[in-house]
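Please read the structure below before turning to the comments.
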Amino acid sequence: DGRFLQANPYAVKYLGYDSEEDFIHSITNIGSRYVNSEDRDEIFRILNAKGFVKPYETRFFRKDGSIIWGSISVRLVSDEQGNKIIEGICQDITDRKEAEIALKESENRLRRVYDSGLIGIAFWNPDGILTDANDMFLEMLGYTRDELKAGLICVSDLASIEYVHPDKEAMKNLPSPGVQKILCEKEFTRKDGKKIPVIIAGTILDEENNQRIGFILDIPDRQIKMSY
């Protein structure tokens, strides 16, 4: 009939109730604790079809109205009188889900910048081979995405001859992951040989130093001075 029969201290605390008695008497309809009623319907559909439900992630309302995430597993069992009851466990996964959501939102924001065409963005490995770049960067340098995928674009090859040695040294000395970065002005050489002045900022993305990222801004009609 949609009521709890028993609850351990973890479940009581998880949903914000004062005691097991408060928990059982206050929740007269388990379905009302689901933020999304469709999740409850899906859990019961699986339960009726299989007799059990493996970990299912959903959101619940606590007593104070706040929302938490839980991973629940349930099964159909029989009590001593042969009545069918539902037995289940629930794990609090709120911190993990909120971190996943925040990461996804951050990735979406970066993707919008990446696709915006406001600035060239490129990724390269420790050997200087570009592994990814946005359309703005490829258009700026006159390369195709097929050439990028084939590993034919090298960071040091993009610099004008007077910058090649400094570029190699700069890549070796990129700062540790974090907010530190290299920032300099230089000339890049397009695939067609034309030189373009740019401002470039770069840093390392991961502790293994396997991925570098650069943000490149085209500054036409500006004379570049050596900045090393």
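The figures here come from the full heavy-atom set of this structure, side chains too, leaving out hydrogens, waters and symmetry mates. Predicted model, so just to flag it, every value in this text is computed and none were measured.
Minimum interatomic distance between Arg212 and Pro126 (heavy atoms only, all atoms of both residues): NH1-CG, 3.3 Å. Scanning all heavy atoms of the two residues, the minimum distance from Asn83 to Asp79 falls at N-OD1, 2.7 Å. Between Val53 and Tyr56, the shortest heavy-atom distance links the atoms CG1-CB, 4.1 Å. The shortest heavy-atom contact between Asp92 and Trp69 is OD1-O, 3.4 Å. A pairwise comparison of heavy atoms in Ala133 and Leu130 identifies CB-CD2, 4.4 Å as the closest pair. When every heavy atom of Ile216 is checked against every heavy atom of Ile119, the shortest pair comes out as O-CG1, 3.2 Å.
Salt bridge annotation for Asp41-Arg45: absent, with no cationic side-chain nitrogen under 4.0 angstrom from a carboxylate oxygen. For Arg59 and Asp39, the salt-bridge test fails: no basic side-chain N is under 4.0 Å from an acidic carboxylate O. Ion pair Lys195/Glu187 not flagged as a salt bridge, since none of the NZ, NE, NH1 or NH2 atoms sits closer than 4.0 Å to an Asp/Glu carboxylate oxygen.
Using a 4.5 Å heavy-atom threshold, the side chains of Leu76 and Leu47 count as touching. Residues Arg3 and Thr28 are in side-chain contact: their nearest non-hydrogen atoms beyond the backbone lie under 4.5 Å apart. You'll find the side chain of Arg145 reaches within 4.5 Å of the side chain of Leu138, heavy atoms only. Ser66 has its side chain out of reach of Phe61: every pair of non-hydrogen atoms, C-beta onward, lies at least 4.5 Å apart. A heavy-atom distance below 4.5 Å is found between the side chains of Ile27 and Leu15. Using a 4.5 Å heavy-atom cutoff, the side chains of Ile43 and Val74 are in contact. Residues Met140 and Val198 meet the side-chain proximity criterion, which asks for heavy atoms closer than 4.5 Å. For the pair Lys191 and Leu141, the minimum side-chain heavy-atom distance is 4.5 Å or more.
Glu87 contributes atom CD, which lies 11.5 Å from atom OG of Ser73 (distance to the nearest 0.5 angstrom). To the nearest 0.5 Å, the span separating NZ on Lys13 from OG on Ser19 amounts to 15.0 Å. Taken to the nearest 0.5 Å, the CG atom of Asn48 stands 10.5 Å off from the CD1 atom of Ile46.
Side chain of Ser26 to main chain of Phe23: no donor-acceptor pair is present (N/O by atom type, distance under 3.5 Å, no hydrogens or angles). A donor-acceptor contact shorter than 3.5 Å is absent between the side chain of Ser106 and the backbone of Leu103. Between the side chain of Tyr114 and the backbone N or O of Arg109, no donor-acceptor pair lies under 3.5 Å. Without hydrogens or angle criteria, Arg62 side chain to Tyr14 main chain gives a donor-acceptor distance under 3.5 Å.
Annotation: Glu80, atom CD; neighbour count of heavy atoms from other residues, nucleotides and ligands within 6.0 Å does not exceed 12. Enclosure of atom CZ in Arg33 by more than 12 non-hydrogen atoms of other residues, nucleotides or ligands within 6.0 angstrom is indicated. Other residues, nucleotides and ligands contribute only 12 or fewer heavy atoms inside 6.0 Å of the CD atom of Glu139. Few gaps surround CD on Glu107; more than 12 heavy atoms of other groups in view lie less than 6.0 Å from it.
Grouping the Ile, Leu, Val, Met, Phe, Trp and Tyr side chains by contacts below 4.5 angstrom, directly or via other members, places Val113 with Phe215. When the side chains of ILVMFWY residues are joined at heavy-atom separations under 4.5 Å, either directly or via intervening members, Ile67 and Tyr34 end up in two distinct hydrophobic clusters. Taken together through direct or relayed side-chain contacts under 4.5 Å among Ile, Leu, Val, Met, Phe, Trp and Tyr, Tyr143 and Leu148 form part of one hydrophobic cluster.
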- Show your reasoning for whether side-chain contact (heavy atoms from CB on, under 4.5 Å) applies to Ile200 and Lys186. CA-CA 8 Å; Ile200 179 170; Lys186 63 177 64 184; 3.8 Å; yes
- Task: Evaluate side-chain contact (heavy atoms from CB on, under 4.5 Å) for Ile30 paired with Phe4, printing each intermediate quantity in order.
- Result: CA-CA 7 Å; Ile30 295 175; Phe4 285 110; 3.7 Å; yes
- Go through the steps to decide whether Arg96 and Glu100 satisfy the test salt bridge (charged side-chain N to carboxylate O under 4.0 Å, His left out), and finish with yes or no. CA-CA 6 Å; Arg96 174 172 67 80; Glu100 289 176 357; 2.8 Å; yes
- Let me see the working for Ile72 and Ile89 under side-chain contact (heavy atoms from CB on, under 4.5 Å), right down to the final yes or no. CA-CA 6 Å; Ile72 63 174; Ile89 59 174; over 6 Å; no
- Message: Please determine whether side-chain contact (heavy atoms from CB on, under 4.5 Å) holds for the pair Thr131 and Gln211, giving the CA-CA distance in whole Å, both sets of side-chain angles, and the decisive distance to 0.1 Å.
- Response: CA-CA 9 Å; Thr131 57; Gln211 187 79 295; 3.4 Å; yes
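Stacking of Arg190 on the aromatic ring of Phe188 is not recorded, the 6.0 Å distance cut-off and the 45° axial limit not both being met.
With no hydrogens or angles considered, no side-chain donor-acceptor pair links Asp146 and Thr144 at under 3.5 Å.
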